[in-house]
Amino acid sequence: MKINLSNIKKAKYFLDNDECVGVPTETVYGLAANAYSNKATSKIFKLKKRPKRNPLIVHYYCLGDVKKDCHINEKFLYLYKKFCPGPISFVLKLKKNSLISNNVTNNKNTLAVRFPKHPVLRKLLSNLDYPLAAPSANVSNKISAVSKMDVKDEFGNKIKYILDGGRSNIGLESTIINLVGKPEILRFGALQSEQLKKILRFKKKKIAKNIKILVPGQDKLHYSPGIPLRLNVTKPRPHEALLLIKKKYSSHKFNFYLSKNGNLKEVAKNLYSTLRIIKKKKFKSIAVEKIPNDGIGEAINDRLMKASKFK
Ligand code: AMP
Ligand code: MG
């Protein structure tokens, strides 16, 4: 994708002035602010209606930059070399002399860091004197945004600028791994846990058990289109929107295909945008057919499970 330098300049101008800016990443769009500024990062919480206790992921350009703020360890270096820039976030120990705003960490001594791959965001990061705190660009617990228009839908003119980077290529949030103490996956995501399990020799039952400790009070409902959503449906109700993962005969009236042939990467890429379309069409509920738990299917099912908690 061609990078428009005058757009990068505009985004930098607003960020330098403690404003929030919508930014593209390969996973989903982020709502970004200067991670060293209390003023800028407090605006993220206000705009997203995000509880203060929920810490933010900070986006860095390179290893040298993250070393200013965090203690790094061998496991991190190994995974960084293998997967970064890419769709994985690491929880590391914060350095005492780090400039990261306390808003970002909720006054804790850990920091979640990521190295996004999107060329537009990388160009922006390389022009800044600070890293970017950037949670997903959506109102808390709602569906993430995968295009500039989605971000506009979420925040209207409450944010000053959205940097356009086209549609997010992956369409699902990053995998989060805790590297303080024994490695653990805190959130399934775009980087598949099978790859991590093999490298770090996880025992299956150790996965994701710590979430509540590190992210206190995180709601079970998340990624919600704001209408009821049913999983593993074989018989949709007449007025439901039905999500299918491949083209096939269906006597149901309202079918939405996430992929032509059951390609789960395509399903991930189309999931949030299709949920937004369904919501705009004013359906009252959504039925989803069973989605295999293989590869990225694990993260897709995690999101759908949380979306299904809407009552
Ligand atoms: P989002 O805000 O949608 O980008 O999601 C970011 C996720 O990262 C949330 O679930 C946060 O609670 C989690 N997170 C951010 N910082 C930390 C941290 N220091 N430790 C554990 N989880 C974190
Ligand atoms: Mg989010």
Side-chain angles (χ1 to χ4, degrees), residues 25-28 55 57-67 70-94 110-118 121-122 136 144 168-215 218 222-223 231-232 245-246 258-259 261-272 290-306:
T25 92
E26 73 278 19
T27 57
V28 298
I57 297 178
V58 176
H59 293 60
Y60 286 87
Y61 181 69
C62 65
L63 195 57
D65 292 342
V66 88
K67 281 182 182 167
C70 295
H71 295 284
I72 58 169
N73 54 39
E74 261 175 45
K75 285 202 171 90
F76 166 72
L77 274 180
Y78 186 80
L79 294 171
Y80 175 88
K81 281 185 194 139
K82 211 161 171 70
F83 297 119
C84 295
I88 178 166
S89 304
F90 308 91
V91 174
L92 300 175
K93 201 154 177 239
L94 193 65
T110 60
L111 183 69
V113 306
R114 179 162 118 72
F115 306 87
K117 196 172 187 174
H118 197 298
L121 180 54
R122 283 188 65 70
S136 55
S144 301
S168 293
N169 209 16
I170 295 175
L172 273 190
E173 299 78 0
S174 65
T175 304
I176 306 180
I177 180 165
N178 178 24
L179 293 178
V180 179
K182 264 196 186 149
E184 265 184 318
I185 293 177
L186 300 178
R187 175 175 76 183
F188 292 121
L191 198 121
Q192 278 131 63
S193 68
E194 281 310 320
Q195 288 170 275
L196 288 171
K197 280 179 208 166
K198 259 187 220 146
I199 292 170
L200 295 169
R201 296 200 186 86
F202 282 131
K203 285 190 190 124
K204 257 200 171 152
K205 60 178 183 193
K206 289 250 163 92
I207 305 263
K209 162 179 108 180
N210 244 356
I211 291 178
K212 281 207 187 91
I213 303 165
L214 277 160
V215 190
Q218 196 178 27
H222 213 119
Y223 314 107
L231 301 174
N232 302 325
I245 61 164
K246 60 176 130 188
L258 296 170
S259 158
N261 54 4
N263 176 333
L264 291 180
K265 283 200 171 149
E266 220 178 312
V267 171
K269 185 167 178 175
N270 291 323
L271 180 64
Y272 290 140
K290 190 172 170 63
I291 297 179
N293 217 36
D294 312 329
I296 201 166
E298 194 175 42
I300 297 170
N301 281 321
D302 169 75
R303 306 303 187 265
L304 287 171
M305 175 66 85
K306 289 182 177 142

Would you check if [X] and [Y] make a side-chain contact, meaning some heavy-atom pair closer than 4.5 Å?
| X | Y | result |
| --- | --- | --- |
| Lys117 | Pro87 | no |
| Glu266 | Asn261 | yes |
| Ile88 | Leu196 | yes |

Test side chain to side chain contact (heavy atoms under 4.5 Å, CB included) applied to Thr175 and Phe83, step by step = CA-CA 11 Å; Thr175 304; Phe83 297 119; over 6 Å; no
Quick one: [atom1] on [X] to [atom2] on [Y], what's the gap to the nearest 0.5 Å?
| X | Y | atom1 | atom2 | answer |
| --- | --- | --- | --- | --- |
| Cys70 | Leu63 | SG | CG | 10.5 Å |
| Leu92 | Asn178 | CG | CG | 9.0 Å |
| Leu264 | Ser259 | CG | OG | 8.0 Å |
| Leu258 | Lys269 | CG | NZ | 13.5 Å |
| His118 | His59 | NE2 | NE2 | 12.0 Å |
| Leu271 | Arg303 | CG | CZ | 9.5 Å |

query = Quick check: does any side chain N or O of Asp302 sit under 3.5 Å from a backbone N or O of Gly189, one acting as donor and the other as acceptor?
reply =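 No.
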query = Should Lys197 and Glu194 count as an ion pair when the cut-off is N to O under 4.0 Å?
reply = yes
inquiry  = side chain to side chain contact (heavy atoms under 4.5 Å, CB included), that's the test. Do Val66 and Tyr80 meet it? Break it down for me.
reply    = CA-CA 11 Å; Val66 88; Tyr80 175 88; over 6 Å; no
task = Indicate the ring-plane relationship of Phe76 and Phe90, choosing parallel, tilted or perpendicular according to the 30° and 60° boundaries.
result =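 Ring orientation of Phe76 relative to Phe90: perpendicular.
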query = Parallel under 30°, tilted from 30 to 60°, perpendicular over 60°: which one fits the rings of Tyr272 and Tyr223?
reply =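 Geometry flag for Tyr223 against Tyr272: parallel rings.
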Closest non-hydrogen atom pair, [X] against [Y]:
| X | Y | value |
| --- | --- | --- |
| Ala190 | Thr27 | CB-CG2, 4.4 Å |
| Glu298 | Ser193 | OE1-OG, 2.5 Å |
| Ile245 | Pro292 | CD1-CD, 3.7 Å |

Testing the 3.5 Å rule here: is there a donor-acceptor pair between the side chains of [X] and [Y]?
| X | Y | result |
| --- | --- | --- |
| Ser89 | Ser174 | yes |
| Glu173 | Ser136 | no |
| Arg114 | Thr25 | yes |

